[in-house]
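One structure, pasted below without further comment.
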2 protein chains.
Amino acid sequence: MTKKFVYSFNEGNAGMKSLLGGKGANLAEMTNHSINVPGGFTITTEGCNAYRAGNGSYPDGLWDQTLEAIKALETSGKGFGNSDNPLLVSVRSGAAISMPGMMDTILNLGLNSETVEGLAKRSGDCRFALDCYRRLIQMFGDVVLGVPMKLFDELLESKKKEKGCQLDTDLDEIALSELVDEYLQLVKTKTGKDFPSKPREQLDLAIKAVFDSWDNKRAAKYRLLNSIPHDIGTAVNIQSMVFGNIGMNSGTGVAFTRDPSTGEREFFGEYLINAQGEDVVAGIRTPKPINQMEQDMPERFEELKQVYQTLENHYRDIQDFEFTIESGVLFILQTRNGKRTAQAAVKSAVDMVNEGLITKEEAILRMEPAQLDQLLHPMFDPKAERNVIARGLKASPGAASGKVVFDSDRAVLLAEDTDEKVILVRTETSPEDIHGMHVSKGILTARGGMTSHAAVVARGMGKSCVAGCEKINVNENERYFQVNNVKMSNSQTHDIQVKEGDWISIDGSTGEVMLGKLPTIEAKIGGEFDTLMSWADEFRTMNVKANAEVPKEVQIAKDFGAHGIGLARTEHMFFGDDRLPWMQRMVMATDLEERKEALARLLPMQRKDFEDIFTIMDGLPVIIRLLDPPLHEFLPKEEEDIQELAKTLGMDAQNIQDTIDQLKEFNPMLGFRGCRLGVVYPEINEMQARAIFEAGLNVLEKGIKPVIQIEVPLVGKVNEFTMIKEIVDKVATELNVSGKLDYQVGTMIEVPRAALTADTIAREADFLSFGTNDLTQMTCGFSRDDSAKFLGRYVKEGIYATGPFQSIDKEGVGYLMRICVEKARSVKPDIEIGICGEHGGDPESVKFCHHLGLNDVSCSPFRVPIARLAAAQAALEQSI
Amino acid sequence: MTKKFVYSFNEGNAGMKSLLGGKGANLAEMTNHSINVPGGFTITTEGCNAYRAGNGSYPDGLWDQTLEAIKALETSGKGFGNSDNPLLVSVRSGAAISMPGMMDTILNLGLNSETVEGLAKRSGDCRFALDCYRRLIQMFGDVVLGVPMKLFDELLESKKKEKGCQLDTDLDEIALSELVDEYLQLVKTKTGKDFPSKPREQLDLAIKAVFDSWDNKRAAKYRLLNSIPHDIGTAVNIQSMVFGNIGMNSGTGVAFTRDPSTGEREFFGEYLINAQGEDVVAGIRTPKPINQMEQDMPERFEELKQVYQTLENHYRDIQDFEFTIESGVLFILQTRNGKRTAQAAVKSAVDMVNEGLITKEEAILRMEPAQLDQLLHPMFDPKAERNVIARGLKASPGAASGKVVFDSDRAVLLAEDTDEKVILVRTETSPEDIHGMHVSKGILTARGGMTSHAAVVARGMGKSCVAGCEKINVNENERYFQVNNVKMSNSQTHDIQVKEGDWISIDGSTGEVMLGKLPTIEAKIGGEFDTLMSWADEFRTMNVKANAEVPKEVQIAKDFGAHGIGLARTEHMFFGDDRLPWMQRMVMATDLEERKEALARLLPMQRKDFEDIFTIMDGLPVIIRLLDPPLHEFLPKEEEDIQELAKTLGMDAQNIQDTIDQLKEFNPMLGFRGCRLGVVYPEINEMQARAIFEAGLNVLEKGIKPVIQIEVPLVGKVNEFTMIKEIVDKVATELNVSGKLDYQVGTMIEVPRAALTADTIAREADFLSFGTNDLTQMTCGFSRDDSAKFLGRYVKEGIYATGPFQSIDKEGVGYLMRICVEKARSVKPDIEIGICGEHGGDPESVKFCHHLGLNDVSCSPFRVPIARLAAAQAALEQSI
């Protein structure tokens, strides 16, 4: 007995993916759930592998079984090659894992110069039949016979020119008939043979082309990069073609089981009578709303409503399905989970739980965490036209329109004094731009990656940001930016200059930069969103905290459900106008006395900051990181700013320049920063510890419970940590906090060495927190400020699947994190370990952290809901 | 029965260190080998611990046993407290591990106002007796009674002033007698009690002071930093004082068993009749050569020669010992292995093997590898006076004198045209200084650490270099450098300005910078050195290779015994005058064509370089690293150089400036360099591979056997490696090398990620080589260019015992290396793994690499002998 290589759609099911491929298994699944799919069958992946093993000849039985299956499709008088009533089929590849690079689809197989007449007669549309034939020759010629598509296109274009046509659809019967002849001639010239006219020959060649495409270079490379085994093979799906354009009791349409914009439980879609799907796509006729079908074709409409119920009950999700009615018979061509807006996703998931269709767990698991961003930020009206002039990185989501400004002082002037909406445009931002960023609606930079200063700060503020938009050339002095070779709607390219005061719009969710002012829709959450998030909280085991230090953002974090602050960056507090000069005086100090004097002026301001944070986060933990950045970040860069500082401090400008030169570093990332500052200038950390404890004592008197965790940055070796901890403990003793305030002292894990020696560090530290930005920089050797130059290329070449600053590089950085967790817990099993890098807001990374056994993740306030959801999903996925 | 807490010197031996401490065990060892040590005994570490456990009271038996042991010392009519013939003793601490911070020594215990008369009578020197007494009060007052030393010094100073004396030794009997009274009064005022006059009370208090000093803060901190257990305690040694100044049949001296300068087997030393050791130290009398004693005291001289034989036979090494003759009796006070020059170390070790005194293994093990440096580089005449004006890092050993120049072009001009010796002085050097460094005798920089450009290149060239000499302010424009607050020989401080053309001398072995021209002694090796190195090669299991690419240095490496080239840095080849413009054109290229054109010009030059290396290293492996540094390193920095380049390339200067700006990086260390260049511009590596293979084929025709290993730098993920390997393999195929040339393609391990994923990398790579400079930078988060600012402080504070760029940080970087080796060997057990960072020349690191199981180490040519020795030591130490 020969092996079974061919399965009719009613012989398979969704569980047979590895044998039938994804597409075949899905068609079988529908068929077996009483959904009227056009008849067809699948040649198995085993067939493919036997063919490949046989060096291009079919295994015994495959071809015979195929012909038998074709025969089974010859219903209602149709016959494969029957010139009166031809059966046409499609041939599609379908591997177990969907894979670009392989042959995709050939339609209308079975047409030739005779059967095309039959199709013309049946459809009553000769032009349509010829067009089907033309398409077959073109598709088949390209993918099966290897005649370059370009050559077909050239013939098509010259035909259009010859006939004075604009669109393909303008070509009439005669033109198409000529074109078919020219196509056939082209094939003959290029291949030395006639185009195969026998349907069986067409079928044979098409099946072999699908099989062969498994081994083509692009597909092989894709498998290599994605670790897909080479030996699983592809299946081939062969299906009857059905036509919606053969009379008034035929038609075609697309429908959603619920409204994909709102999630409302309404039958939603469009249809056309006596039409093919292409007609809708080509925009020749305007489709009607689905409900109107109730009048036009009441029986079919009832049937369709039945299908809609069947589909939702079976797939338990919003379905987006295509249908065709051929001579009064309703066929479902395909169904898939419907793409939806974030709002619809949330509403439908919650509704379906309430309807009893799905469980809470399923509702949580089916949400795309990153999609929640749409709900948390304003967006542009989807209907508005977008004049895109450049694209950058989707650095911080949300829509913003405003007048362009090129420096932060001016941004403040315009925004605060004249109440204008502004967009800050800079080559790159630095900590000195914080005040300008605060008042802007959005930020656009020409340089820097997903973790550049602009991106990180904007996300923290919940402001829209497009970063690393390399196409814009910013001239900050002349106050304009230029974009060259912009393709305009008239298809021509222009160089565009945008001057200060011009309106632009930026979409941080897509990375687009647009001319003009686009209408925005404000974010709104609540209702179903809150319900869904409360369910997420039931399941997740990790705490979600926020990276924030400015009271406004701390409050937002709290409102978004943050369970405390996972990272308060104290240096962000030193950039205010009232503080920066004192910070600068501290940096410029030539001896301990001067330094202490400046620090004494900063103490009360810093204390006030902490009081505010403690008050908002009453009873919740607050991790405060001691001063981290290199001191030169606090000093001015421009000549005029140096002059001004000299005046403010009553110093010689040359002196300031000398200090700047002296502090200059080749690789500041790996320089004099973090706890190294505290080792050399203990008085800085001493002041900070004092501010923290005094703030704690002060709020305590008001009945507020501060939960203090002090964090030492950039520790590489335990001695550094213990040195700083001693400073903190000394201050605590001096202030006599014992019995009043509890506090912990822990450390960031951001230097690879710290992760490698986490056991010795964990013996001394109360908690650990992964700073995965720096950890990634050092582990992978990528400067996040510079890597945009090549990381894009790296992701494109598949060296990294996603940028390691976007999602944790599990194999490398992740492995180091695992070593750290294991070593730390080996000496202190209960030690609290968290993450506070940018990755804390990336769903994939959050899940990875869950699997590592971390206690909490911390991210920017606007990503807190995303992290809550991702954490719940991780817990649920693990328990499955 | 009470426990035994007291051991007489003749009851112990060298093996009893943990009970008797190091000093006590050694005194016992000598006593038991018939060496006449002044009598004494040791109170055990157990006694100390029992005392500490008893909160400061002696355990049962300790005091009684001490008094008994004192009684045993009362020989030859001496008595403890006997005013006629007093027994005096010293009290010294002595832990098992020598430890700073603890109480050290009190001499002359047993003196008081009565016994001092007895000492005066016996010695016939009343002044001497009073001075002994004064010293006792001072030492005892300070360390036992806690009266600050400063106060004693003040009294001493004012006494000298009062008496018009310059030196302590100018004080006469009367003055000393007055001083003793004043000292006694000081003690009474400060402590409220009389100075303890009873010898037993003195002894009791002194023993307790030693015990207590174990727990003082400095000692406790030292133990913490050096991982010495807190509970091992210290022993106390009590020993009879002997005096060499009580008559003409008394005397004192110091002797070496062999000449410590040359290693010749000659009895060597100095002595004085009727004198104490202090007389020699104070320089009052000039000692005589030891051989003259044969006339002066023939019997004692014979006895001394006997001792010399006994000591060398027993300790089997050059001994440096002190002796005192008291009334005709010869006492040996202490003996230790004699410090010696490198030359003496080599000669004596080889001689002793030939004499049958030690084995080859012992000869190898007793060499200090770092000391070999002295033999390989010129040194200053040790007798020359040094006007040290500043100190920097000992960046590259050797002595150099020359005229100061401040830029490389001028250095070439002076050195080549006028044949002047020059020292290149720069704030820091860059690759553009290579030609200037080549012609200079030595290099002095104000910035940069042990692995800065200047340091690395100088070591490679074997040139003296003092780097990171922060005290010098270099004004390159005005052509001078300034050193402020230099302490001159007249004890005053001056600011010194050194102008171009002034002579200076730098000592790269000490880090000293001196004014003027010092006489140098050239290095010479051969003879015993070669013998010793050949023995080392018998024992070592690791290969030693060299980091070199310039033919001259490759030849030196070969002469120093390098087993091939472990790292040829191809970029060093691009800085020649004939090449740099083409390299710059390559960097400036705006498209592939331009880039390829420039590369085509570089190809023949690079090929020639490889031919030279292969020829010298005929039959030995050569690892060639593909281009590594960021491209901006090849572009000029100064405005005028940019103008010149614009002229050379026929380009617009603004264009060049734009490229420079575009290539500028925030953290170039972590930027666009290494294999990232090859991923983005494959044509660069393609040219290099072509040059390598063509060179290989060319030398093959001349009967030379090239052993080619191509190395991909900065790999973090295996895909990067395979991409570059594909380029190399493609070129090899094109050139049809198969069957003619064997080659391997391997990678550096310098990015932590590569070490963490070494298993996946080892599957593809033929060999691995640790680049520990970069690996340390990234693992510890230290930029080697910037870390001088705080790393000095770090080492001083004990955070790192030695700088991690100097010696491998075993706990952190070393642990990562261990992970790498284990992972790599888990998939490819025989994979060749080496090290080519600067650590390859550091003996400690070489030993660590041996223990990791590496196959080879590679270092700068001048350190090859050091590495050979260290590798042999590691193998021997392991086999013990």
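This one's a predicted model, so the numbers in the text were calculated from it and none came from an experiment. Lettering follows sequence order; numbering is per chain, from 1. Heavy-atom basis, side chains included; hydrogens, waters and symmetry copies ignored.
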What part of Ile819(A) is in contact with chain B, defined as an atom under 4.5 angstrom from a non-hydrogen atom: side chain, backbone, both or neither?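 Contact with chain B is through the side chain of Ile819(A) alone.
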Is it the backbone or the side chain of Leu677(B) that comes under 4.5 Å from a heavy atom of chain A, or both, or neither?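 Neither the backbone nor the side chain of Leu677(B) comes within 4.5 Å of chain A.
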Quick check on the interface: out of Ile799(B), Val751(B), Leu670(B), who has the most heavy-atom pairs with chain A under 4.5 Å?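 Looking at each option in turn, the highest pair count goes to Leu670(B).
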Row check, Tyr815(A) ring normal vs Lys823(B) NZ/CZ: under 6.0 Å, within 45°: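 Yes, Lys823(B) and Tyr815(A) form such a contact.
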For Gln662(B), which atoms come within 4.5 Å of any heavy atom of chain A: side chain, backbone, both, or neither?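 Backbone of Gln662(B) only, per the 4.5 Å heavy-atom cut-off to chain A.
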Which of Asp774(A), Asn719(A), Thr779(A) touches chain B most, by non-hydrogen pairs under 4.5 Å: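 Looking at each of Asp774(A), Asn719(A), Thr779(A) in turn, Thr779(A) comes out on top.
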Please name all residues satisfying side chain to side chain donor-acceptor pair (under 3.5 Å) with Arg753(A), sequence neighbours left out, ordered by chain then number.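 Partners of Arg753(A) by the side chain to side chain donor-acceptor pair (under 3.5 Å) criterion, ordered by chain and then number, come out as Tyr800(B), Asp809(B), Glu811(B).
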So, does Asp785(A) use its side chain to make a donor-acceptor pair with the main chain of Phe666(B) at under 3.5 Å?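 The answer is no, because no donor-acceptor pair under 3.5 Å joins these two groups.
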At a heavy-atom separation under 4.5 Å, does Arg673(B) approach chain A through its side chain, its backbone, both, or neither?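 The answer is neither part of Arg673(B).
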For residues Asn773(A) and Gln777(A), is any side-chain donor paired with an opposing acceptor at under 3.5 Å?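 Checked: Asn773(A)/Gln777(A) side chains show no N/O donor-acceptor pair below 3.5 Å.
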By a 4.5 Å heavy-atom criterion (distance strictly below it), what part of Thr757(B) contacts chain A: side chain, backbone, both, or neither?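 Side chain only.
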Under 4.0 Å between a side-chain nitrogen and a carboxylate oxygen: does that hold for Arg595(A) and Asp591(A)?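 Judged by the 4.0 Å cut-off on N to carboxylate O distance, Arg595(A) and Asp591(A) do not form a salt bridge.
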Checking Glu470(B) against chain A: side chain, backbone, both or neither under 4.5 Å from a heavy atom?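 For Glu470(B), neither part sits under 4.5 Å from chain A.
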With a 4.5 angstrom heavy-atom cut-off, is it the side chain or the backbone of Arg793(B) that approaches chain A, or both, or neither?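 When you check distances to chain A, only side chain atoms of Arg793(B) fall under 4.5 Å.
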Which answer fits Thr722(B), side chain, backbone, both or neither, if we ask what part of it has an atom under 4.5 Å from a heavy atom of chain A?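 Neither part.
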So which of Met723(A), Met778(A), Arg676(A), Met669(A) has the largest heavy-atom pair count under 4.5 angstrom toward chain B?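 Ranked by contacts with chain B, first place is Arg676(A).
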Side-chain donor/acceptor of Asn685(B) to backbone N/O of Pro682(B), under 3.5 Å: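 Side chain of Asn685(B) to backbone of Pro682(B), a donor-acceptor pair under 3.5 Å: no, none is there.
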Where do Glu476(A) and Thr427(A) land on the side-chain contact (heavy atoms from CB on, under 4.5 Å) test, with the steps shown first? CA-CA 8 Å; Glu476(A) 278 154 4; Thr427(A) 301; 3.4 Å; yes
Check for a donor-acceptor pair, side chain of Thr659(B) on one end and backbone N or O of Asn655(B) on the other, with a separation under 3.5 Å.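 Yes; judged by distance alone, with no hydrogens or angles, the pair exists.
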